[in-house]
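Here is the structure we will look at.
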Amino acid sequence: MKPVVLAGGSGSRLWPKSRAALPKQFLSLTSDSTMLQDTITRLNGTNAEPPVFICNDAHRFLVAEQLRKKNIAHDGILLEPVGRNTAPAIALAALHATKDDEDPVLLVLAADHSIKNETAFHEAIIKAETLAEQGKLVTFGIVPDQPHTGYGYIKAGAALNNGFEVADFVEKPELETAKQYVESGDFFWNSGMFMFKASRYIEELHTHNPEMLEVCRQAIETEAPDLDFIRVDKDVFATCPDDSIDYAVMEKTDSAAMVPLNAEWSDVGSWTSLWETSEKDNNGNVCIGDTILENTKNSYINAEQRLVSVIGLDDVIVVETKDAVMVAHKDDAQSIKNVVNKLKAEKRPEFEFHREVFRPWGSYDSIDSGARFQVKRITVKPGEKLSVQMHHHRAEHWIVVSGSANVTIDDDTQLVTENESVYIPIGAVHALENPGKIPLELIEVQSGAYLGEDDIVRFSDRYGRVEKK
């Protein structure tokens, strides 16, 4: 059994924690580990082989670093050059898995789900694998505990040895319809998790969407290794039809089966769902960080940087980050996506980035800025190096706080240590490297007429970020 982990998605309903450059699957929301890490570690004790991950290019180093931190072995990180939904992504994984004439059973998982009862999950996997070996395309149906209107539903058909045939897939219902579904006992939430032999998915895609399969075949023929990553041709893959596995295959095949799953599952699709699945105090509150509550009940409070006090409110969500505060009623948490759309339309940085931005070499935190200056706290991991670069519009002054730095300015390289500083003029070709054994911490003061992140000309980069001309 080979897991295929879909690590795309923006998680916009969990703003301001989840952002385009750091979506929810890379955050620690339900445990001390990130949701991506939990997705794999909860498979411990199964017969799972090293997994394949699928993500977009912008998140590739996040995936690699989070796997490294947990010593998670993998069979490649497939990079989608453009987003084309789940059906083509899974097709790339299936074609990749069968390249050497192998035909594993694929366990397709989302990287941003919460499953608390791992024993029940493992039992469901065993049942699903039996059906997959028989040629079924298996989905996991969540046993509903309420008439939820935010999920699609699966109607169970005839009983099988380890599950049911799928009688129907239905869209997200109105509340009254959802109540009827739950009361009938025949309907289950659509989890978005699947299991099937790689060859069977390819066969069904050939039957129901041959154009999609052909594009994916052409793309996978161009696959090339790049560090931990597997790249496919962007121009080829961009011609692929955009569709989900549900519409492209599962709703059309006559081999769909379902295994019920009752394992305290959640897709953590909103702050309200995170409140529902979290441990609460005697007043029904979930409190994270430095918080003081008075006369407040059934609320979710998440403080990242500062003291947050909530007084005289019920059923609210309050989330504070270094650069934003979001307050919402629990019943209107889905509207957070509208705020995110406005941020995107206005091209505000809070749509995409946190104040602290992670890079493959470390991170930087923009701690202050003005009309012609910006101050950042930069952390460089031991042994890592920033790209060789220059700027047309800004000069930089680096002050080392801890650790040591090899600083190259044009043809001169010098070692800069704690309490020392160095100046990089506008137009100078420069590079920064941490040659030591501990993280390098420095303060960067930028000054100039334009301080945007796109004022970087890279000449060489160990992370493959130099644009090809």
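In this structure, Y201 and F196 have parallel ring planes: the angle between them is below the 30° cut-off, well short of the 60° mark.
Residue W265 forms a ring-ring contact (aromatic ring centres under 6.0 Å, His included) with just one option from Y151, F121, F188, and that option is Y151. Among the candidates S244, P241, C240, the single residue satisfying the side chain to side chain contact (heavy atoms under 4.5 Å, CB included) test with P88 is C240.
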Query raised in the report: Passes side chain to side chain contact (heavy atoms under 4.5 Å, CB included), T149 versus K172? Steps please.
Result: CA-CA 6 Å; T149 59; K172 299 174 183 178; 6.0 Å; no
Report task. Dump the intermediate steps for side chain to side chain donor-acceptor pair (under 3.5 Å) on E418 and S402, then the final yes or no. Result -> CA-CA 5 Å; E418 295 180 11; S402 65; 5.2 Å; no
Report task. Please step through side chain to side chain contact (heavy atoms under 4.5 Å, CB included) for the pair N283 and N298, ending with a clear verdict. Result -> CA-CA 6 Å; N283 291 314; N298 303 318; over 6 Å; no
Report task. List the steps and the verdict of salt bridge (Lys or Arg N to Asp or Glu O under 4.0 Å) for D365 and R355. Result -> CA-CA 6 Å; D365 187 354; R355 203 184 77 178; 2.8 Å; yes
Query raised in the report: Please walk me through it: do S273 and E276 pass side chain to side chain donor-acceptor pair (under 3.5 Å)?
Result: CA-CA 5 Å; S273 64; E276 290 171 349; 5.6 Å; no
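Residue A238 comes nearest to V82 through the heavy atom pair CA-CG2, 3.7 Å, listed as atom of the first residue, atom of the second, then distance.
Here salt bridge (charged side-chain N to carboxylate O under 4.0 Å, His left out) pairs that include residues 6-29, with residues two or more places apart or in two chains, are K17-E304, R19-D323, K24-D112.
R231 and D226 are joined by a salt bridge, as a carboxylate oxygen and a charged side-chain nitrogen come within less than 4.0 angstrom of each other. A salt bridge does not link E129 with K2: every distance from a Lys NZ or Arg NE/NH1/NH2 to an Asp or Glu carboxylate oxygen is 4.0 Å or more.
The distance between the ring centers of F353 and F358 does not fall below 6.0 angstrom. Annotation: F140 is not in aromatic contact with F194 [ring centroid separation under 6.0 Å not met].
At least one cation-pi condition fails for K381 and W361: the charged atom is not both under 6.0 angstrom from the six-membered ring centre and inside a 45 degree cone around its axis.
No donor-acceptor contact under 3.5 angstrom links the side chains of N44 and T41, judged on distance only. Side-chain contact, T417 with E420: a donor N or O sits under 3.5 Å from an acceptor N or O.
Distance check: D38 CG to S114 OG gives 8.0 Å after rounding to the nearest 0.5 Å.
The side-chain heavy atoms of H391 and Q389, taken from C-beta on, include a pair separated by under 4.5 Å.
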